[in-house]
Amino acid sequence: MNIHEYQGKEMFKEAGVSVQRGVHCTTVEQALSAYDELGSKVVAVKSQIHAGGRGKGNLYHPESKELVMEGGVKIAFSKADVENYASNILGNVLVTKQTGSEGKLVSNLYVEEGCSISHEYYLAILVDREAKAVLIMASTEGGMDIEEVAENTPEAIHKIHVDPAAGLLGFQKRNLGVSLGLSGNALKSFFKMIGKLYDLFIQNDCSMIEINPLVRTEDEEMIALDAKIGFDSNADFRHKNNWVQMRDLSEEDDAEIRAGEADLSYVNLDGNIGCLVNGAGLAMATMDVIKLYGGEPANFLDVGGGANEEQVKTAFSIILEDPNVEGILVNIFGGIMRCDIIARGVIAATEALNLDVPLVVRLAGTNVDEGKKILAASSLNIHPADDLAQGAQKIVSLIGGGE
């Protein structure tokens, strides 16, 4: 789960991380009041969406698709500027490198007081699963796309790995600050900040904290001018009350929301073969085999180990909401999940939804023979498969794909 910058800044402030004063706004009038409240001659008017690259994005009218304004983050030098920028940002669609061409409708603004910047840095805290450690990355090239920095000047990215059992050690904090060329009060400020950010990361089960830019002011203080925070959804049970309050459903895919409500794991992709599988590992393998035979998966969908007929029907309906889906592959290995239940769910869903795209079903495991008999006895156009390879080949062939 991701949150907005203004929410991240509030978390930073509570953790003792230095940020500029700012006000969350949803209307132009609130933005004007925020300008008066902050009392700063210069303010930043920032679009709030769950995507990076806002400053370099473009705003378009949601209906006419005409360009309204370049840049989703603007520096305002007067109240008139605030009114102009807020009017052009709110209610329009911001398109950045991370949103794709469809962009995201902007419904929230953050008006933040100006800052005297001496230098901009990049800072991120992530989970490095391969190293089984927390990874902290920092660079002197702040304000830029980190991908460009990694490609063009990889030596400008400094990394440290933190053993979760030992925590972030003093020498690691100091060494990272020194690698950024910090000294004196700026190094002391960074030392304190990185420790508080690491504690926030661990205590809140974050998957990512990214600050771009982290700035050094003319007073040698380190301030977070950005706040991008993502949480590990597997820890939802520990933070349910807080996360529910911060979650912005308008920023999430409708199909993924419905799937979550039905206890299904769903991620939309850009292919044309829908996948319905039980088990995350099997789902990944299914997508790999589809690609092996020249197809492109349209989604990741894990119905879990105990899905019932209604959940299977919901899963089918979610897959079919994607207009790009030209065929569906069902791949079930019955352990806790019984193949006969899946078979009945497939038939019920096919009949109820008037399925008109090719459907290939591969069943294995508990009650597999009964499941196959149920499918064979139906008059529906269902194509059986004995194994995953055969199933992938069949669905790719049925939609006219492959090499």
Side-chain angles (χ1 to χ4, degrees), residues 3-13 17-62 64-99 103-123 142-145 210-219 221-229 248 250-251:
I3 59 175
H4 289 296
E5 176 191 359
Y6 74 88
Q7 295 169 310
K9 291 281 180 67
E10 190 61 35
M11 291 186 69
F12 282 1
K13 188 162 55 175
V17 176
S18 296
V19 296
Q20 295 293 89
R21 292 185 305 136
V23 180
H24 169 226
C25 309
T26 57
T27 66
V28 176
E29 291 72 23
Q30 288 177 356
L32 294 174
S33 297
Y35 179 78
D36 292 334
E37 179 183 335
L38 292 172
S40 176
K41 292 182 179 180
V42 180
V43 299
V45 183
K46 300 181 173 184
S47 305
Q48 298 291 286
I49 62 170
H50 290 175
R54 292 168 294 157
K56 297 179 181 179
N58 290 321
L59 287 145
Y60 296 89
H61 191 278
S64 69
K65 309 302 180 184
E66 292 182 358
L67 178 65
V68 175
M69 187 174 69
E70 295 181 353
V73 175
K74 291 292 188 179
I75 304 301
F77 297 92
S78 67
K79 196 169 184 177
D81 283 347
V82 173
E83 183 174 18
N84 177 42
Y85 295 145
S87 299
N88 286 327
I89 291 174
L90 286 170
N92 287 313
V93 175
L94 180 60
V95 177
T96 76
K97 285 185 178 180
Q98 294 188 13
T99 65
K104 290 192 174 184
L105 185 69
V106 184
S107 303
N108 295 276
L109 272 181
Y110 190 54
V111 180
E112 186 176 56
E113 67 180 348
C115 180
S116 57
I117 299 173
S118 187
H119 190 83
E120 296 185 349
Y121 304 85
Y122 173 90
L123 180 68
M144 297 178 60
D145 294 329
E210 185 180 58
I211 304 172
N212 190 23
L214 168 69
V215 302
R216 172 167 51 87
T217 69
E218 294 177 357
D219 296 328
E221 183 181 5
M222 304 301 291
I223 293 180
L225 276 196
D226 182 31
K228 186 186 294 183
I229 299 179
D248 185 349
S250 68
E251 290 284 331

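Residue numbers run from 1 in the order of the sequence given. In this text the structure is predicted, and so the values were computed from the model without any measurement.
Defined by atom type and a distance below 3.5 Å, a donor-acceptor pair is missing between the side-chain atoms of Asn92 and Asn88. When only modelled atom types and interatomic distance are considered, Ser118 and Arg216 share a side-chain donor-acceptor pair under 3.5 Å. A donor atom on one side chain and an acceptor atom on the other are found under 3.5 Å apart for Gln30 and Thr26.
Annotation: salt bridge (charged side-chain N to carboxylate O under 4.0 Å, His left out) contacts of Lys74 (sequence neighbours excluded): none. By the salt bridge (charged side-chain N to carboxylate O under 4.0 Å, His left out) test, Glu10 is found to be paired with Lys13, residues two or more places apart in sequence or in another chain being considered. Among residues two or more places apart in sequence or in another chain, the ring-ring contact (aromatic ring centres under 6.0 Å, His included) test is passed with His4 by Tyr6, His50.
A 4.5 Å side-chain heavy-atom check between Lys104 and Glu251 finds at least one atom pair inside the cut-off. Phe77 has its side chain within reach of Ile75: a pair of non-hydrogen atoms, C-beta onward, lies under 4.5 Å apart. Side-chain contact check for Phe12 versus Ile229: some heavy-atom pair is nearer than 4.5 Å. Considering only heavy atoms from C-beta on, Lys228 stays 4.5 Å or farther from Asn212 through its side chain.
Contact detail for Cys115 and Leu225: the closest heavy-atom pair is CB-CD2, 4.3 Å. Of all the heavy atoms in Ala76 and Asp81, the pair that sits closest is CB-CB, 3.6 Å. Contact between Lys41 and Tyr35 at its shortest, heavy atoms only, is O-OH, 3.8 Å. The heavy-atom pair separating Thr96 from Arg54 by the smallest distance is CG2-CA, 4.0 Å. Nearest heavy atoms, Val28 versus Ser87: CG2-OG, 3.7 Å. Taking each heavy atom of Ser18 and Glu221 in turn, the nearest pair found is OG-OE2, 3.0 Å.
A salt bridge does not link Lys79 to Glu83: none of the charged nitrogens lies less than 4.0 Å from a carboxylate oxygen. The pair Lys46-Asp226 fails the salt-bridge criterion, with no side-chain N (NZ, NE, NH1 or NH2) lying under 4.0 Å from an Asp/Glu carboxylate O.
To the nearest 0.5 Å, atom CG of residue Leu123 and atom CG of residue Leu214 are 6.0 Å apart. Taking OG1 from Thr217 and CE from Met222, the interatomic distance works out to 8.5 Å, rounded to the nearest 0.5 Å. Here the OG-CD distance, from Ser40 to Gln20, works out to 8.0 Å after rounding to the nearest 0.5 Å. Interatomic distance, Leu109 CG to Ser47 OG, rounded to the nearest 0.5 Å: 6.5 Å. Here the CG atom belonging to Leu90 is positioned 9.5 Å from the CG atom belonging to Leu59, to the nearest 0.5 angstrom.
Without hydrogens or angle criteria, Gln48 side chain to Glu5 main chain gives a donor-acceptor distance under 3.5 Å. Judged by distance alone, with hydrogens and angles left aside, the side-chain atoms of Gln98 form no donor-acceptor pair with the main-chain N or O of Ala51 at under 3.5 Å.
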Report the C-alpha separation of Leu67 and Asn58 in whole Å, then their side-chain angles, then the decisive distance to 0.1 Å, and conclude whether the side chain to side chain contact (heavy atoms under 4.5 Å, CB included) test is met.
CA-CA 7 Å; Leu67 178 65; Asn58 290 321; 3.7 Å; yes
